Amino acid sequence: MALESVASPLAVSKPILSLIVPTHLRPQLLSRALASVNAQAGRDQIEVIVVSDVIDSATDEVCANLLGKGDIYVRRNGAPGPSASRNLGLKLVRGQYTMFLDDDDAWQEGFCASLFAQWPQLPATALYFDCTVIKESRPASGPIKLAEQALDLRERLTLDVFVKNQVHMSCFMFSRHLLAGLEFDETMRAYEDWDFLLAVFSRQMPIHLPIACSLVSEVDDTTTDRRGSSAAATNFNAVIDYLYVYRRHAAPTPEIQLQRKSMLAVAGLDLPQQLL
């Protein structure tokens, strides 16, 4: 693959990297996310765009305290949901690359130092990094870490991603031109991240870079407030959501079609392979 010239982070006036952070009434978690970004080397080369889908004074305070003069904080109108917030963020980015970070996740210490050290050799395309999954509980007093597992994702992303999502959204970095014209589907109840990623992958499959990037927080107990999950299609709503994604993104091979058929059949939906 041909490499395009990528400017050094120290030689440009515009931000090298734009980070879009959608948020919804989680100021304590948002504070953790933004603090992890502020601790990075080369922070002045990172443009943080926080988009809140609700008016909230506590979120206002976090952003006032932790965002810099080159960052953006928007309280948008409209229905709540991360898709509309990310879409607004995409309209505002100025960086050469774009990343996404959920408000309950964070960047690992040293991520940007490792990334910027390799910057002159980076291909101007799509990249993905390693992550650590944090299992936690979230009582009102604050998150409690229960366990963690570092993941080496170098072999994780394959064409099977067109059957089921494989890598968390926070692990990806996309060149700005690659995302031109793409948006998150604001009508989806769940899996909007996966749907967006498949649109990108139809243009370019990412290259793995062995750098520890994000801390992905998961909550499996009753303290969770997530709208959906990445669990397999085992109930009616999930089957419909999976089928919606399948119909929007053609299977790249007959083998992927067959895997999709098997995935839906487990939940009781038997469809002709050619429809998938």
Side-chain angles (χ1 to χ4, degrees), residues 9 13-109 111-112 115 129 131 134 136 138 142-143 168-176 179 182-186 188 192-193 196-197 213-219 224-228:
S13 55
K14 287 186 177 182
I16 285 292
L17 179 60
S18 294
L19 179 66
I20 298 173
V21 185
T23 191
H24 176 83
L25 295 177
R26 298 204 282 196
Q28 188 176 49
L29 299 175
L30 177 64
S31 178
R32 179 177 67 180
L34 296 182
S36 76
V37 177
N38 288 344
Q40 300 293 320
R43 172 62 176 89
D44 59 335
Q45 303 298 325
I46 304 166
E47 171 190 58
V48 180
I49 303 172
V50 177
V51 183
S52 175
D53 58 13
V54 66
I55 294 176
D56 175 49
S57 59
T59 299
D60 293 347
E61 183 177 359
V62 168
C63 290
N65 291 336
L66 295 179
L67 291 182
K69 62 180 181 180
D71 300 325
I72 298 173
Y73 172 42
V74 179
R75 295 180 298 180
R76 69 169 178 82
N77 296 325
S83 290
S85 296
R86 293 182 181 127
N87 286 339
L88 179 55
L90 284 170
K91 293 180 173 65
L92 299 173
V93 297
R94 296 185 301 131
Q96 185 175 357
Y97 281 86
T98 299
M99 294 185 69
F100 299 91
L101 187 68
D102 290 349
D103 59 2
D104 60 339
D105 298 328
W107 274 354
Q108 299 198 47
E109 182 179 354
F111 164 57
C112 285
L115 177 64
F129 313 102
C131 72
I134 306 291
E136 65 183 21
R138 294 180 187 159
H168 193 271
M169 173 68 77
S170 65
C171 297
F172 293 96
M173 185 172 78
F174 304 110
S175 59
R176 187 173 175 179
L179 300 185
L182 296 183
E183 288 190 336
F184 290 83
D185 188 333
E186 298 177 17
M188 296 183 70
E192 69 280 347
D193 291 0
F196 182 86
L197 288 174
C213 173
S214 56
L215 297 167
V216 178
S217 297
E218 297 182 351
V219 182
T224 184
D225 60 356
R226 287 195 178 276
R227 298 176 306 119

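Only a predicted model underlies this, so the values are computations on that prediction, with no experimental measurement involved.
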What verdict does the side-chain contact (heavy atoms from CB on, under 4.5 Å) test give for Val219 and Glu136, after you've listed the backbone C-alpha separation in whole Å, the side-chain angles of each residue and the deciding distance to 0.1 Å?
CA-CA 5 Å; Val219 182; Glu136 65 183 21; 4.0 Å; yes
Criterion salt bridge (charged side-chain N to carboxylate O under 4.0 Å, His left out) on Arg76 and Glu186, from CA distance to verdict:
CA-CA 14 Å; Arg76 69 169 178 82; Glu186 298 177 17; over 6 Å; no
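Listed here is the closest heavy atom pair of Ser217 and Asp104: OG-O, 3.2 Å. Summarising the geometry of Arg32 relative to Ala106, their closest heavy-atom pair is O-CB, 4.4 Å, with the distance given to 0.1 Å. Minimum heavy-atom separation, Leu101 to Ala33: CD2-CB, 4.1 Å.
Looking only at side-chain heavy atoms (C-beta outward), Asp71 and Val50 stay at 4.5 Å or farther from each other. Taking 4.5 Å as the limit, every side-chain heavy atom of Leu92 sits out of range of all side-chain heavy atoms of Glu47. Taking 4.5 Å as the limit, every side-chain heavy atom of Phe196 sits out of range of all side-chain heavy atoms of Arg86. Inter-residue side-chain proximity for Ser36 and Leu215 is flagged as unmet; no heavy-atom pair is nearer than 4.5 Å. Between Arg26 and Arg138, some side-chain heavy-atom pair lies under the 4.5 Å cut-off. Inter-residue side-chain proximity for Cys171 and Cys213 is flagged as unmet; no heavy-atom pair is nearer than 4.5 Å. Counting only heavy atoms from C-beta outward, the side chains of Met99 and Met173 approach each other to under 4.5 Å. A heavy-atom distance below 4.5 Å is found between the side chains of Pro143 and Gln28.
Judged by distance alone, with hydrogens and angles left aside, the side-chain atoms of Asp103 form a donor-acceptor pair with the main-chain N or O of His24 at under 3.5 Å. Within the 3.5 Å criterion, the main-chain N or O of Phe111 finds a donor-acceptor partner in the side chain of Gln40. Not one N or O on the side chain of Asp53 forms a donor-acceptor pair closer than 3.5 Å with the backbone of Ala84. Side-chain atoms of Arg176 do not come within 3.5 Å of backbone N or O of Leu179 as any donor-acceptor pair.
Here CD1 of Ile16 is found 11.5 Å from NZ of Lys14. Values are rounded to the nearest 0.5 Å.
Ring geometry for Phe184 against Phe100 counts as perpendicular: the plane angle is over 60°, on a 0 to 90° scale with 30° as the lower cut.
For CG of Asn65, the number of neighbouring non-hydrogen atoms (other residues, nucleotides, ligands) closer than 6.0 Å is greater than 12.
Phe174 meets the ring pair (Phe, Tyr, Trp, His ring centres under 6.0 Å) test with Phe172; sequence neighbours excluded.
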